[in-house]
Every structure is written in C-alpha cells, then in structure tokens.
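Since the structure comes first, as structure tokens, the remarks are kept for the end.
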Amino acid sequence: MNIEKVDVRDIAQRFGTPVYVYSLSILRQAIAEIRPLSPVVRFAMKACSNTRILQEMLKSGIKIDAVSVPEIQRALKAGYPPEDICLSSDVFFNAEEAEFCLKNNIFCSCGSLGMLEEYGETRQRLGLGSDGVSIRINPGEGAGHSKKTNTGGPYSKHGIWYENLDEAKAIAKKYDLKIVGAHTHIGSGGDMAHLSRITGKLVDFAKQFPDLQIINFGGGLPYEYDPDKPQVDISDYQPILKERTQELEKHFGRPITCEIEPGRRFVAGCGYLIGEVRSLNHTFDEHKKRLDYVLTNVGFCHLLRPMAYGSYHPIWFAGDGLGKETDIIVAGPVCESGDVLTQKNEEPVPRRLPLPRRGSLIVIGGAGAYGHVMSSNYNSQPLIPEVLVDGGTMTLMRRRQTLDDVIREEEQ
Ligand code: LLP
C-alpha cells in the first residue's frame, strides 16, 4: 500500500511504528475545496497543530481559529501575524491569558458571559480604550457525530445562550466594548442540513448588534470516514453563506465579513496512522462462536477517537502473507479492555478484513484530525512521530519522544 508514491513499508522501516503520516497532496486538495467557501476561512488548529501543517495553511491564505494562548503562540511561531488569529473560547485558562490576548491584539470571541466580563475587566485594568469584541452565541440547538461534540442546546457549556444576549449587551456597555462579531459553532461532525439552517438563526441574532462587522459561522463541516461511501458534498455551502451575509449587509447597509473555521474537513483525510500487528488472540462467546482479536501496537494513547466516541476509521493491513477475509476485532496495546479500534457504542465490533500475521502493518485512515493532538503518554508510551509525504519524499515533521522526554519534567 502506498501513501502518494511512498510504500508504507518504507515509512515503517525508516521511522518505526506507530507513526502518523500526512499526505501533502490530499491536504492541498482539501484546502482547495474549502478555501472558496467564504471570504475569510480559518483553520481550527486544535484539529492538527503541527507547525508544518500551520505553515501550509498560512501559505494558502487560511487564517487561524485558536482555542488557547498556547495555540496562539504556536501559530505566531509558525509565522502567523496576530491579526490573522482569533481566539474562540468560553474561558481564559487564567488571568494572564486574558492579558496576553489584549496586549497582543488578538481578536477574541467570548463564548460565555463570564469570559466577556473578564475581557472587559482586563481591558479596563490595562487602561485600554474602547474595543471590538465578538461573542459566540448558543443558538439553542446543535449537531455533532456524538453528544460529546454537539455544542448547541441547553446541555452545552458553549456559547452565550440566545436568550441572554441582553446580558451580553449590558456587559459590553459597562466596559465600553463594541460587539463587532457574532459567532456560532453548533458542533463537530454534524451534517450540512443543520449547519445551513442554523446559519439563518445566527443572522437573525446578529441583526440586533448595531456595530456588527463580522459574522462567523463556525466549523463543523462534515467528513465521511468510510472510503466506500461518497464524500459529503460541501460546495452548496458557499451560496448559502453568501446569501446570509448579503442579508446582513442589506440590514446594516455596509459590508460584513463572512468567516468559517473548519478543522476536521481540512485535515482528516490526509492523515494515516501506521502501526504493526504484534499478536493474534481469540476467545469464544456464549454461543461458542470464535472471536478473533488482532493486537497491534496502536492504542488509544495514539488515536483516542474510537475509544472516546466509538468513531469509525478505515483500516487496511499491508505486508506479505495476509490470510483470507475474516471477522476481526482490532485492538491496541493499552492495558484497558476499551482499547479497541473497531468498536461502536462502547462494544467491540468485528470488521471483515484479511487476517494479518505478526509483523504485518496496520494502516488507519482518516487520522489527520483530532489524531496526534489528542494522544497521550498513558502507559508511559512516548508520543509518536509525524511524517509528511510529498510525492516520493518523506520528511520528519516531529520526532518520536524518548523515555527521557516523557519523564523530563519530573522532580528527581
Ligand atoms: N470552532 C470551534 C469553536 C470549535 O470548538 C471547533 C471544534 C471547531 C471550530 C472545528 O470543528 P470541526 O470543523 O473540526 O468539526 N475531538 C473531537 C472533535 C472536537 C471538536 C472540538 N471543537 C473528534 O475527534 O471528533
């Protein structure tokens, strides 16, 4: 199996496994597909924050949606100017974060009444004058691939509840802030129907802010992980966004800037996680049916999504001597029975795949978004490398951690 022109066996041999691999050409195709959707497009860098990926976004005219000051600092280090970065969060992690944003002219979208208050207070304390700020609105409903990624509705902590906008206006007045941006993000992994409809709701809310300059419709562009199903068509989003913005321009009688901030759709498809089959095992269920387990060296410390949300990722095996197709449960090395790559609703689900053997490679697709960024040192596993493939060349863009890296911050 190849990623662009490189055989996955060559990648495994050169960098070891497990290893994250990104195809530059697939990334560029995704950028080319998303860039025309809106006059301003931000990359929700939480999905994949390696500097090399950020630099590719920068070169392509994509701005940044950051969720924390460390993300802002990574974007600045990658070469982004502060004016291209927006912080969109519901809290400042601490008082210094609020000061950092204000002192460095980072535009902020405040996703809670308390954050807006802290923004205003900090601005006053620093002796800065009137200022433009954005608010994130919870429109009362949302959509996501899991309850955990649906960010609208009464059970979401995100955004200023749509019925509390007068409170937001009062806070803004108290601190002499101008609400120049209205923003919403209804969730991650939802569908185009929800996204398109809720853009209309945001427009209605936004009309009550007389200083409005920017409308930000958030991220949440869907991505189909199953390569046997057609990819979700997102091209219809452009005319919808245009129409929504024009409605606001008509209402206010001046130009309004339209923004979106997808993460997953930019990077999911370009990322692969390559590991190795380490062992085979089997059990028998209560009907004496045999269950085949393939144990690999890829666990939820490397890719959390199947364990966290029951997410589907395509799996291929590569190498010599693959057996006939069998129903297989693919698992990892982490010492927890939830460490299963093929699962749904917290249950292992067998998948029909050619039976690999010890030493076969496993390639997991759709791993570019919320993959490496959500990995951990659980079981004292070092964080794994990231490699960029461009045609026939492979470049290391992050090295493998050593055990020394893992224990570096401990006091001896
Ligand atoms: N904007 C805001 C304010 C967000 O919170 C997010 C994602 C995005 C944009 C980008 O959403 P996207 O276009 O990627 O759907 N770890 C989960 C996803 C968490 C999403 C968090 N916020 C997963 O692996 O599915």
Looking only at side chains, do E261 and H183 share a donor and an acceptor under 3.5 Å apart?
yes
Under a 3.5 Å threshold, yes or no: a donor from one side chain and an acceptor from the other, between N150 and S156?
no
Less than 4.0 angstrom from a charged side-chain N to a carboxylate O is my criterion; do E33 and R265 meet it?
yes
With the threshold set at 4.0 Å, does a side-chain nitrogen-carboxylate oxygen contact exist between R125 and E121?
no
I'd like to know if the side chain of D166 reaches the main chain of A168, judged simply by a donor and an acceptor atom lying under 3.5 Å from each other, with no hydrogens or angles considered.
no
Strictly distance-based, threshold 3.5 Å: is any side-chain N or O of D405 a donor or acceptor partner for the main-chain N or O of T402?
yes
Applying salt bridge (charged side-chain N to carboxylate O under 4.0 Å, His left out), can you list everything that pairs with K5, at least two apart in sequence or on another chain?
none
What's the spacing between Y20 OH and E386 CD if we round to 0.5 Å?
8.0 Å
Would you say the ring centroid of F300 lies under 6.0 angstrom from that of Y378?
yes
Yes or no on side-chain contact (heavy atoms from CB on, under 4.5 Å) for I137 and L202, after CA distance, side-chain angles and deciding distance?
CA-CA 8 Å; I137 300 170; L202 179 62; 4.1 Å; yes
Do F43 and F266 have ring centres separated by under 6.0 Å?
yes
For K147, is the NZ atom crowded, meaning more than 12 foreign heavy atoms sit under 6.0 Å from it?
no
Salt bridge or not between E71 and K46? Use side-chain N to carboxylate O under 4.0 Å.
no
Answer whether the closest heavy-atom distance between the side chains of F92 and C101 falls below 4.5 Å.
yes
For Y309, does the six-membered ring have the charged nitrogen or CZ of R305 within the cation-pi criterion, i.e. under 6.0 angstrom from the centroid and within 45° of the normal?
no
Test item: T342 side-chain N/O and P350 main-chain N/O as donor-acceptor pair under 3.5 Å:
no
Check: D233/S235 side-chain N/O donor and acceptor closer than 3.5 Å:
yes
Result block: side-chain N/O donor-acceptor pairs under 3.5 angstrom for residues 236-243, not counting sequence neighbours:
none

Is it true that a side-chain atom of N104 and a backbone atom of F100 form a donor plus acceptor pair closer than 3.5 Å?
yes
Are F217 and V203 close enough that some pair of their side-chain heavy atoms sits under 4.5 Å apart?
yes
Can you tell me how far OH of Y272 sits from OG of S23, rounded to the nearest 0.5 angstrom?
6.0 Å
Pair H313-V330, side-chain contact (heavy atoms from CB on, under 4.5 Å): steps then yes or no
CA-CA 11 Å; H313 284 263; V330 185; over 6 Å; no
Suppose we screen for salt bridge (charged side-chain N to carboxylate O under 4.0 Å, His left out). Which residues come up paired with R264, at least two apart in sequence or across chains?
none
Is a side-chain donor or acceptor of S38 paired with a backbone partner of V40 at a separation under 3.5 angstrom?
yes
Does a donor on one side chain sit under 3.5 Å from an acceptor on the other, for S25 and E4?
yes
Taking NZ, NE, NH1 and NH2 as the nitrogens, is one of them in K174 or E117 under 4.0 Å from a carboxylate oxygen of the other?
yes
Hey, does M57 have a side-chain heavy atom less than 4.5 Å from the side chain of L27?
yes
Side chains of N50 and Y22: does their closest heavy-atom pair fall under 4.5 Å?
no
Salt-bridge criterion met for E276 and R278 (N-O under 4.0 Å)
yes
Please confirm whether the backbone N or O of P18 pairs with a side-chain atom of R400, one donor and one acceptor, at under 3.5 Å?
yes
Could you tell me whether D84 and K63 make a salt bridge, using a distance below 4.0 angstrom between a side-chain N and a carboxylate O?
yes
Crowding at CD, E83 (>12 non-hydrogen neighbours, <6.0 Å):
yes
Do V180 and S134 have side chains that get closer than 4.5 Å, going by heavy atoms?
no
Can you check whether E347's main-chain N or O pairs, donor with acceptor, with N345's side chain at less than 3.5 Å?
no
Residues E247, K207: salt bridge by 4.0 Å N-O rule:
yes
Would you say T393 and D390 are linked by a side-chain donor-acceptor pair, where the criterion is simply a distance under 3.5 Å?
no
Kindly indicate whether the side chain of V340, heavy atoms from C-beta on, has any atom under 4.5 Å from the side chain of P306.
no
Take atom CG in D320; do more than 12 heavy atoms of anything else shown fall under 6.0 Å from it?
no
Contact between K77 and T51 at the side-chain level, heavy atoms closer than 4.5 Å - yes or no?
no
Answer yes or no: is there a side-chain heavy-atom contact under 4.5 Å between W161 and E167?
no
If you draw a 6.0 Å radius around NZ in K201, do more than 12 non-hydrogen atoms from other residues or ligands fall strictly inside?
yes
Among side-chain atoms of Q401 and N377, is any donor-acceptor pair under 3.5 angstrom?
yes
One pair to check against side-chain contact (heavy atoms from CB on, under 4.5 Å): R9 and M1. What are the steps and the verdict?
CA-CA 8 Å; R9 285 175 292 195; M1 178 181 174; over 6 Å; no
Should the heavy atoms of other residues, nucleotides or ligands under 6.0 Å from CD of Q13 be counted, would the total exceed 12?
no
Assess whether side-chain contact (heavy atoms from CB on, under 4.5 Å) is satisfied between I160 and L165, documenting all intermediate values.
CA-CA 7 Å; I160 296 174; L165 297 178; 4.1 Å; yes
List the steps and the verdict of ring pair (Phe, Tyr, Trp, His ring centres under 6.0 Å) for Y312 and Y225.
CA-CA 7 Å; Y312 173 93; Y225 282 83; 7.9 Å; no
Working to the nearest 0.5 angstrom, can you tell me the gap between I26 CD1 and R28 CZ?
12.5 Å
Is a donor on one side and an acceptor on the other found under 3.5 Å between the side chain of E224 and the backbone of D226?
yes
Approximate separation, where rounding is to 0.5 Å, of L177 CG and K169 NZ
14.5 Å
